[in-house]
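Below you'll find the structure, written out as structure tokens, and then a few comments.
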Amino acid sequence: MWFRNIFPLDQVHPRSTNSEPVNSWRDLLLSAGSLRQLNGMQLNASRYLKGNAAGLRYSLRRKPAAEFREHRMYVPGDDIRHVDWKASARQEHIFIKQGEHPKEASVYLLLDCSGSMAWGDRPKLRACLQLAAAFGFMALANYDRLMVVPLGRLDLQPLGFISGKGQFPPLLNYLRGLTFSGKCDLKEAIHDFTRRHARGGGLTLILSDLLGTPHLSDILQLLPIPTWDVLVFHLLHPEELKPSLKGDFEMVDVESGLKANYDINAEAIDTYQNRIKAWRERLELDSVEANAFYNLIPTDWSLDKEVIPHLRSVDVIRST
Amino acid sequence: VTLLNPLGLLGLFTLPVILALHMLRERKRIYSVSSLDLWSFLEVEVRGQKIRRVPFSWLLLCHLLIALVLSFALAQPSLNYLIPGQSAQHHIILLDVSTSMLAKDLLPTRFSQAKEKAVSLIRELGPNDIATLITFGVKPRLIGDTRVDNLQDLLIKIDGLRAGDTGNSLQNALILGESIADHQLPVQVYVLTDASFDDPALHDSALPMQWLVFGKDAPNQAVLNVQAVSIGDGKFQVFSNLANFSPQGSSRLATLIADGRPLHSAHIDLPPDSVVPQVWPFVTGNPTTITVSLIGNDSLSEDDTASIAWGTGADIRVVLVTSEASSALVTGQVVKALQSIPNVSFRQMSIDDYSPADYSDLSVFLETIPSAWPEKDVLLLDPPSGGQYFDIQENPVSVTPPIYMDESVPVLAGVDFGGVRWGKTRVLQDLSENFTVLVQTDNVPLYISGSNGRARLFIFLPELSDGNLIRHPAFPIMLGNQVREALKSPFPEMQSTGKPVQLPAVEQLVSLNIIPPSGSPITFSGSWSDHWEFTSEPGIYSFELTERSGKVVTHSIGINAGDLSESRLAPQDWSEKYQRIQTTLSNGSVDPLNLTPWLLALAVLLLLLEAWLSWR
């Protein structure tokens, strides 16, 4: 033990995860328990979002239907089969019965594929992929049009649009094939997304650690309401939220490889945590101002027991 | 706490090494972060320009503790801890009572100072302490124990102790002490000795021993022994060995004393560390005691005199009993042979006049057998056939050489049957197991010995009237041996001080009177023990034996203190070996607790903790 402790073989801590054999958990991105919970739930998107094809999502659009929702005045050209004769008899006007016109929505999953997402003993990309699989499953199950876009990685093609539960296996295969490396300028990546892939707006879920992103306002300007309904999921490792470091360290940036020597003491840790807190509050404020939704997801949370109940509590997902 | 191996503390030098390794480890610690921007608020350090602080961690503490514990374990600490409320000890005092303890290099003597020390040890006893005093000389003796004896009685016993034994029995004394030690209490053994004897080869005792050695190397001269050889005509040749135990030579005046009368004196030069044999001029007058004494003082006066004593000074009573059938020629030859022996009181009588109550040292029966045996030696010459005691055949047989004889038997010493023309001999049927054949031919015993009751029987079977044996020189020599054997002293001529004298059996005597060299005679009547042990004083001891016949026979023994082991007064080299390993029991402590196994167990626990800390 002595030499292992005093001269550790792997001097870099925490261990690098780029080379981690993650197949064991990537093969099980969603457990059976998670799928049982997600079945019968859908992403809670704005009714103002555009939708072309018919779907299962409620919208502001109405059509004459037997399933009554509301009345409207008859106008020439209306199908008289939808006239509510009983109501018209009690009034001086002729009313047409109108019902729901459910629609589909476009769901964009924007995944941060930078090297920092692969950092940590239990890397952040694990939570990122699990969350993407969960959101993707709900979108596909509700006949939404799903597109998965890897941000910051021009060498990776996006997936989609796909729709229907039958597309879930291809989605999982796609997620399993993703790699996380290099740097990612989030603003530039989303600008590239809006330019190349966005087709008339939709529900946009951004999964990222947001490192190197001090503000979200610039980014969210690229995705304005009501065309875009944006949900930002901030994925941070517990060690990033509350570091357990103490002493002198030579720190190495996992993305850039830059090094710097720091003396970490309790005061530095307190300052660090305060800065993280302020950063998160700023990001949340930016999101509120842009009418977007911001939420922090620690990457050590269990999808079944913590993440899904949390998303239900903040009304990100709901039962159909 | 006592460290049995203090060199083990050198392991403490690993502590700074461990500290240095941890500081080195601190310097080499690299931490990968997801983004340096998160830590950009900190000031970047420039390594190597500031004093390094000690990187405290539980792991460092664990490593230091492991090294500390292992270092102490290597030092083999033992703990002499106190038991509250239990302060009683058992003190076992082994006191040397050998002759060398009488040396006067310490005044008044080594033994006196040793006794004073023993007394002071006993006087310093705590209220619950126990003391046992054992002396060791020729053999160990338990003198007293405060569990049995009153403390004052024990001190009186110590005051009455006398030294003067030859030899030591320290090993047995230690065994005796261990056997009577109260093992419920801490035991401390004290050995009070001058260590001037050979290595006692003590076994490894579990009891702590403290050696108190009295005296140093002191020059001494001694008379080691005296020997006197009779050369006939009442003359004796005296030899003695004188020793000088000193690195310097010495010249001493020596005196030869016979029966208390100084006969010769001589200045004898004794080279350093030597033993010088001295041959003295002839001594005449049949003395019973001879003493050689060194004149002047040295460190040990007890060994300056050596004595030898022999004989009783009384005539040997011999009675010759004959029958009517006895040949006059044979009788005449036997009488002639017996009368030629010096110091013999001779009587001759017929078997009809003989009574066993007539006390004689030797009763010789010629061609007859008595109706009852006397108490002492009996010699049957040419016994008749038949008889109530033996089955002797009627018809004699011819003696056919060769003759076989046991020359180691005293009665055959110097006897040479060469030239003897043997005639016929009686044949003894059914030889009893009590008899031993002394002389025989191929198939016929000629001379046998045995016992019957209190009588020692010697039976000479050849017919003396036939052949030339009675005219041969072997015959008077054989009879002379027989006479001397009859009055052989039951005591040795001399022996060392302290050794017990074996006393004759009660059955043969009425009373016993022992006269030591100084002091009052001690008289025993009716019963006494087998041994007389109080021989620590050198000199001539007289033993007056009163026989049932009323005759008083006096025997003397020279008890000598001179001995190679006792007269050399210097402490021997082996004593330093034992003194080096002597252990002292601290007051109120018990057997020291060896802490090494406990420390090793603690080290193992710390190693497990270290493993947990490193793998968690």
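Per chain, numbering begins at 1; letters A, B, ... match sequence-line order.
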Name the region of A/Leu211, side chain, backbone, both or neither, that has any atom closer than 4.5 Å to a heavy atom of chain B.
-> side chain
If you measure from OH on A/Tyr262 to OG on B/Ser40, what distance do you get to the nearest 0.5 Å?
-> 6.5 Å
Using 30° and 60° as the class limits, which term best fits the ring planes of B/Tyr31 and A/Trp119: parallel, tilted or perpendicular?
-> perpendicular
Residue pair B/Ser35 / A/Glu255, side-chain donor-acceptor N/O under 3.5 Å | no
Of all heavy-atom pairs between A/Ser116 and B/Ser34, which one has the smallest distance, and what is that distance?
-> CB-O, 3.6 Å
Does atom NE2 of A/His310 have more than 12 heavy-atom neighbours from other groups under 6.0 Å away?
-> yes
Determine whether more than 12 heavy atoms belonging to other residues, nucleotides or ligands lie under 6.0 Å from atom CG of B/Asp199.
-> yes
Counting distance only, does the side-chain N/O of A/Asp253 pair as donor-acceptor with the main-chain N or O of B/Leu36 below 3.5 Å?
-> yes
Neighbour count above 12 (heavy atom, 6.0 Å) for A/Asp155 CG = yes
For A/Glu289, look at atom CD and say whether over 12 heavy atoms of other residues, nucleotides or ligands are found less than 6.0 Å away.
-> yes
Go through the steps for A/Leu245 and B/Trp39 under the test side chain to side chain contact (heavy atoms under 4.5 Å, CB included), then give the verdict.
-> CA-CA 12 Å; A/Leu245 303 177; B/Trp39 301 95; 4.1 Å; yes
With a 4.5 angstrom heavy-atom cut-off, which part of A/Lys259 approaches chain B: side chain, backbone, both or neither?
-> backbone
Please state whether the side chain, the backbone, both or neither of A/Ile269 comes within less than 4.5 Å of a heavy atom of chain B.
-> side chain
Side chain to side chain contact (heavy atoms under 4.5 Å, CB included) against B/Leu15, all qualifying residues, sequence neighbours excluded | B/Leu12, B/Leu64, B/Ala67, B/Leu68
Where on A/Pro243 is there a heavy atom nearer than 4.5 Å to chain B: the side chain, the backbone, both, or neither?
-> side chain
Where do B/Val33 and A/Met251 come nearest, in terms of heavy atoms and distance?
-> CG1-SD, 3.9 Å
Taken to the nearest 0.5 Å, the spacing of B/Ile30 CD1 from A/Phe249 CZ works out to 11.0 Å
